[in-house]
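Reading through the structure tokens given below for one structure.
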Amino acid sequence: MGKGFSERERRGADRIGRTAFMGNPFAEFRDECARLVKAALDREGFSGEEEVRLEVPSDPSLGELSFSTFALAKRTKANPRAIASRIAAAAKEETKRLVGRVEAAGAGYVNFYVGIEAFAEALIRSVGSEGASFGSFQGNGERVIVEHTSVNPIHPIHIGGARNSVIGDCLSRILRAAGKDVRRHFYIDDVGLQVSQAAYGLSMLGGGITAGGEHAGRRLDHKDEYEDEEGMGDKRGTGDAAKERHKGDHFIGFVYASTSCAINIRTLKARIERLKTEGKDEEVREEIRKLDDWVAVSSELRERNAETFDRILDGISSSEDPEREVAELLRRYESKDPKAVGLIRGLCETAIEGFRETLGRVGIGFDSWDWESEIASWNGGAREVVERLSGSGFTRVEDGTVVLDCEAVVERFGLREKYGIKTDVPPLTLMRSDGTTLYTTRDIAYTLWKFQRAEKIVNVISIEQKLPQLQLKIALHALGMGEDAERLMHYSYELVHLPGYKMSGRRGRYVTFDEVLDEAVHRAYREVSERSPHLGEEERRKISEVVGIGAVRYALASVAPQKPITFTWDRVINFEQNSAPFIQYAHARACNIMVKAGGGWKGSGADYAALSSRYERGLVVLLSKFPEVVGEAARSLRPEEIAEYANELASKFNLFYDNIPVLKAEGENVRNARLHLVDSTRIVLSNALALLGVKAPERM
RNA sequence: GGGUCCGUGGCGCAGACUGGACAGCGCGUUGGCCUUCUAAGUCAAUGGUCGAGGGUUCGAAUCCCUCCGGGCCCGCCA
């Protein structure tokens with residue numbers, strides 16, 4: 001898309017694309033073309049022109065790169081077509097290495113074609129010698145923290161959170177390939193009001209949700225569930241009853257939804273009574289609508305697990321003031337009261353255990369799990385932020401709360417234009433009247449912590465938090481850390497919607513990542529069994545895991561992050577073209593050829609000049625672009641570019657596969673050249689998939 | 001209401017930061033291709049006023065302005 005992030009934010013992402021490459025035949029070809037154009041311009045008397053810009057022609061038959069003469073023609077009042085022919089003619093006089101042909105074409109273009117013999121050999125050498133690291137390069141070792149996922153430990157990771165995880169993980173892989181020293185951080189928001197609410201509900205069940213507790217007793221075996229039922233197509237945002245019984249994060253999600261539901265119903269009822277006595281009919285109707293919504297939620301929840309729901313409901317009904325008790329629990333947790341710590345930490349540990357299981361299954365790991373309580377709360381970090389900001393003169397005290405006047409900071413440091421702010425930035429409440437801190441305050445403390453460990457920070461956080469992330473930067477300026485703010489990026493992405501409604505953790509309405517993965521693997525298994533009945537059961541299971549999970553990862557990584565996604569099973573689990581399985585299949589085909597070829601061909605001669613068909617040329621050229629694609633994806637932080645590249649490469653390979661015989665090629669040296677090409681394709685497909693965190697099976 | 005992001009064939013997307021040669025791809029629909037390296041493939045046909053209107057430019061899906069439609073945000077939630 002390219003519009004999602006400002007140029008300022010992109011600069012924050014660094015100019016990785018300009019870093020020196022190890023083996024990069026296409027960059028060499030590009031340099032050679034530029035040199036030819038410059039030399040030709042000099043010969044023809046167009047001296048002192050600025051940097052030569054080359055474009056990729058719209059049609060491969062027009063060459064691999066082209067130079068357009070329109071701008072030059074405009075300046076010199078000459079005919080663009082005539083300039084093009086003069087440049088082409090002059091360029092033909094120069095010595096060339098990777099450039100094969102130069103031609104004038106169209107109304108004013110000079111087209112450059114690779115000389116396939118030299119170029120293919122250069123490419124195949126590079127890929128062969130670099131192998132799995134072809135496409136990645138040495139960077140400056142700059143430390144980058146990528147914070148991603150960071151879902152609240154009060155419900156399982158749903159499909160929206162999964163988008164965050166996959167994007168964050170792909171970004172980490174791509175930045176690492178670009179030579180950054182990447183650390184992946186998960187921020188555990190254990191201090192918030194929501195966690196306290198979940199823990200409060202949990203306390204009504206007498207604790208005990210971890211292994212050995214009453215719910216763990218009904219643990220199901222994963223395998224049983226596999227063949228459980230034909231499909232889960234009718235399950236929509238109602239949770240997964242089986243998972244709720246055996247996976248802690250799912251159970252916590254249920255407890256949290258039940259608690260927030262019970263509290264909301266109770267609060268709304270009280271408010272409606274009060275409004276009625278005050279005769280505010282309009283507002284009464286409004287509140288009744290909200291109540292109706294929550295009553296509907298309550299019956300959904302009750303249907304899932306009546307016993308647990310009723311116990312929570314009873315507990316909350318008999319409480320004098322549940323909202324106050326939740327706030328009290330949070331206050332006690334922030335002051336590290338042992339009982340509160342035991343309760344909340346237990347809940348969080350259980351939830352995180354569930355996250356680890358889910359994320360581990362899709363190959364997502366972290367270098368650091370950062371507890372908000374430890375980094376921002378118990379060590380006084382957030383308190384210190386409040387104090388330092390108070391000393392900055394930009395805060396005021398309102399009704400016992402401490403508030404940061406963001407607008408004043410924006411004015412003082414001239415941030416309006418810098419951050420594209422067109423309206424007033426709302427003030428940020430830093431501290432509640434009961435002395436507890438708010439999320440963004442703790443996030444400021446966390447950010448200071450991160451800057452002690454890295455030069456750059458990328459926060460993968462949904463678009464919903466755009467304003468608080470801006471306020472965070474503003475707060476850094478207020479602290480005199482404006483330069484650090486420049487090295488902090490909010491990498492935002494749009495939400496995943498469900499067809500009828502928005503996902504809501506508080507309402508327990510979400511499609512979990514676990515159920516999507518289960519369903520994907522289930523469908524992949526059916527697919528594999530149908531297509532490859534000759535494979536053994538064990539291998540079919542393995543392949544379906546890789547294929548199903550790859551499909552989900554690809555679906556989430558391949559859509560530009562600033563586009564909202566509406567969840568449908570068919571969309572997230574696709575096995576046809578433009579999917580991970582399509583790419584994996586191309587890889588498996590390439591592997592198959594290599595297996596059948598054996599190893600004897602490697603040392604013998606190869607005729608690279610024979611790789612002259614449009615299929616082979618196209619493949620060679622596309623392979624050679626991989627390093628630049630990686631550099632570009634890293635520069636612009638766009639994993640979807642890798643996805644698209646991999647898809648295009650698979651597509652080009654399929655064309656080659658269907659049109660050009662390899663094992664039955666005529667002539668030993670031609671066969672060898674093609675085998676080199678297939679092997680290079682295999683390696684690059686595998687490297688590209690690796691950047692997306694997708695495994696490349698050798699058979700499917 | 002204000003801000004912001006998005007709007008490309010029936011559906012889902014790429015192309016936009018960095019303007020260039022007839023706007024690509026998938027799904028769908030219709031019709032072909034497995035005695036040749038895996039048909040999760042491939043070929044052909046079908047289908048688009050690039051939301052609308054202005055402007056800048058030799059040239060605009062791309063840059064600028066206005067408008068229309070949708071997502072998101074505007075809390076002592078996160």
Side-chain angles (χ1 to χ4, degrees), chain A residues 1-7 10 53 55 57-59 62 66 68 70-71 73-74 80 105-109 111 150 152 154 189 192-195 197 327 398-403 420-426 429-434 436 438-440 443 461-468 492 494-495 497 502 505-506 524 527-528 530-532 534 547 558-560 562-566 568 570-571 574-579 581-582 584-586 588-597 635-636 640-641 643-644 647-648 650-651 654-655 657-665 678 699-700:
Chain A
M1 291 311 303
K3 270 189 137 179
F5 299 104
S6 68
E7 192 46 41
R10 283 186 199 294
R53 284 193 50 197
E55 300 145 24
S58 53
D59 185 322
L62 297 169
S66 72
S68 82
F70 301 105
K74 180 96 183 6
Y109 293 94
N111 294 337
S150 301
N152 280 346
I154 48 171
D189 179 22
L193 224 35
Q194 279 93 332
V195 172
Q197 205 171 68
E398 265 176 22
D399 304 326
T401 66
V402 180
V403 176
I421 302 165
K422 287 193 181 159
T423 49
D424 286 4
V425 178
T429 304
L430 298 168
M431 198 169 83
R432 295 189 184 93
S433 47
D434 69 356
T436 56
L438 282 100
Y439 172 80
T440 306
D443 201 14
I461 301 175
S462 90
I463 187 79
E464 291 176 298
Q465 292 196 43
K466 184 170 183 162
L467 178 59
S492 67
E494 266 289 353
L495 308 178
H497 297 101
K502 194 179 163 177
R506 290 202 303 161
E527 205 80 9
V528 173
E530 194 178 302
R531 295 173 197 272
S532 306
H534 57 283
V547 167
S558 62
V559 178
Q562 61 272 34
K563 304 246 190 185
I565 294 179
T566 300
T568 62
D570 287 342
R571 174 174 188 150
N574 174 21
F575 297 114
E576 290 172 316
Q577 194 160 149
N578 205 353
S579 74
F582 173 78
Q584 290 170 319
Y585 185 69
R589 283 175 137 186
C591 287
N592 196 45
I593 292 178
M594 300 320 296
V595 167
K596 293 204 166 153
R635 183 192 71 82
S636 57
E640 69 273 22
E641 289 197 347
E644 209 173 309
N647 186 60
E648 195 183 343
S651 195
N654 282 331
L655 282 185
Y657 186 95
D658 278 343
N659 289 284
I660 308 291
V662 177
L663 296 175
K664 292 186 178 169
V678 172
R699 296 206 288 178
M700 286 175 69

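In the text below, chain A, chain B and the rest are named by the order of the sequence lines, each starting its count at 1.
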Letter by letter from the 5' end, nucleotides 39-44 of chain B scores (B base, S sugar-phosphate only, - none; protein heavy atoms under 4.0 Å) SBSSS-

Reading nucleotides 67-77 of chain B from 5' to 3' and marking B where a protein heavy atom lies under 4.0 Å of the base, S where only the sugar-phosphate is that close, and - otherwise, the string is ----BSSS-BB

Please test A:Lys466 against A:Ser492 for side-chain contact (heavy atoms from CB on, under 4.5 Å), starting from the C-alpha separation and ending with a verdict. CA-CA 7 Å; A:Lys466 184 170 183 162; A:Ser492 67; over 6 Å; no

For [X], which residues count as a side chain to side chain donor-acceptor pair (under 3.5 Å) partner, sequence neighbours excluded?
X        : value
A:Asp399 : none
A:Arg699 : A:Glu539
A:Thr436 : A:Arg432, A:Asp434
A:Asn647 : none

Sticking with atom [atom1], work out how far [N] lies from [M], rounded to a whole angstrom.
N     : M     : atom1 : value
B:G10 : B:U56 : P     : 32 Å
B:U49 : B:A45 : C1'   : 24 Å
B:G75 : B:G12 : P     : 33 Å
B:A40 : B:C77 : C1'   : 45 Å
B:A14 : B:G48 : C1'   : 15 Å
B:C67 : B:C72 : P     : 22 Å
B:C13 : B:C22 : P     : 28 Å
B:G54 : B:C17 : C1'   : 24 Å

Run the side-chain contact (heavy atoms from CB on, under 4.5 Å) check on A:Leu495 and A:Ser462 step by step: do they pass?
CA-CA 7 Å; A:Leu495 308 178; A:Ser462 90; 3.9 Å; yes

Please list, chain by chain and in numerical order, all residues satisfying side-chain contact (heavy atoms from CB on, under 4.5 Å) with A:Lys596, sequence neighbours excluded.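 A:Lys596 satisfies side-chain contact (heavy atoms from CB on, under 4.5 Å) with A:Asn592, A:Leu663 once adjacent residues are dropped.
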
Would you say A:Arg53 places a side-chain N or O within less than 4.0 Å of OP1 or OP2 belonging to B:G19?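 For B:G19, OP1 or OP2 has a side-chain N or O of A:Arg53 closer than 4.0 Å.
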
- Task: Please determine if a side-chain N or O atom of A:Lys563 lies less than 4.0 Å away from the OP1 or OP2 oxygen of B:G7.
- Result: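 Yes.
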
Of the non-hydrogen atoms in A:Phe70 and A:Pro80, which two are nearest, and what is the gap between them?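 So the two residues come closest at CD2-CB, 3.9 Å.
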
Notebook entry, point to check: So which heavy atom on A:Ile154 is nearest to which on A:Val195, and how close?
Noted result: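 Looking at all heavy atoms of both residues, the shortest contact is CG2-CA, 3.6 Å.
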
| Is any N or O donor-acceptor pair between the side chain of A:Ser558 and the base of B:A14 shorter than 3.5 Å? |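 It does not, because no donor-acceptor pair links the side chain of A:Ser558 to the base of B:A14 below 3.5 Å.
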
Please state how far atom [atom1] in [X] lies from atom [atom2] in [N], giving the value in whole angstrom units.
X        : N     : atom1 : atom2 : answer
A:Asn578 : B:C25 : CG    : P     : 12 Å
A:Asn111 : B:A21 : CG    : P     : 12 Å
A:Lys422 : B:G1  : NZ    : P     : 17 Å
A:Glu648 : B:G15 : CD    : C1'   : 12 Å
A:Ile660 : B:U36 : CD1   : P     : 18 Å
A:Asp424 : B:G1  : CG    : C1'   : 14 Å
A:Ile565 : B:G12 : CD1   : C1'   : 11 Å

Of the nucleotides B:A14, B:C37, B:A21, which one has an atom closest to the side chain of A:Glu644?
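For A:Glu644, the side-chain atoms sit closest to B:A14.
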
So what's [N] paired with, Watson-Crick or G-U wobble, going by both distances under 3.5 Å?
N     : value
B:U46 : B:G28
B:A16 : none
B:U66 : B:A52
B:U4  : B:G71
B:A23 : none
B:G41 : B:C33

- Message: Is B:C34 syn or anti, taking syn as a glycosidic angle within 90° of 0?
- Response: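 In terms of base orientation relative to the sugar, B:C34 is syn.
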
By salt bridge (Lys or Arg N to Asp or Glu O under 4.0 Å), which residues pair with [X], not counting sequence neighbours?
X        : answer
A:Asp570 : A:Arg523
A:Glu641 : A:Arg638
A:Glu398 : A:Arg396
A:Arg531 : A:Glu527

**Prompt:** From A:Phe575 CZ over to A:Met700 CE, what is the distance, rounded to the nearest 0.5 angstrom?
**Reply:**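 Interatomic distance, A:Phe575 CZ to A:Met700 CE, rounded to 0.5 Å: 8.5 Å.
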
RNA chain B: A:Ser66 or A:Asn152, which has the more 5' nearest nucleotide?
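Per heavy-atom nearest nucleotide, the more 5' residue is A:Ser66.
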
Using a cutoff of under 3.5 Å, can you pull out all pairs of nitrogen or oxygen atoms linking the protein to nucleotides 55-60 of chain B, with atom names and distances?
residue	atom	partner	partner atom	Å
B:C58	OP1	A:Lys74	NZ	2.1

What's A:Ala588 touching, base or sugar-phosphate or nothing? Going by heavy atoms closer than 4.0 Å.
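Base: the residue A:Ala588, judged by heavy atoms under 4.0 Å, touches a nucleobase.
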
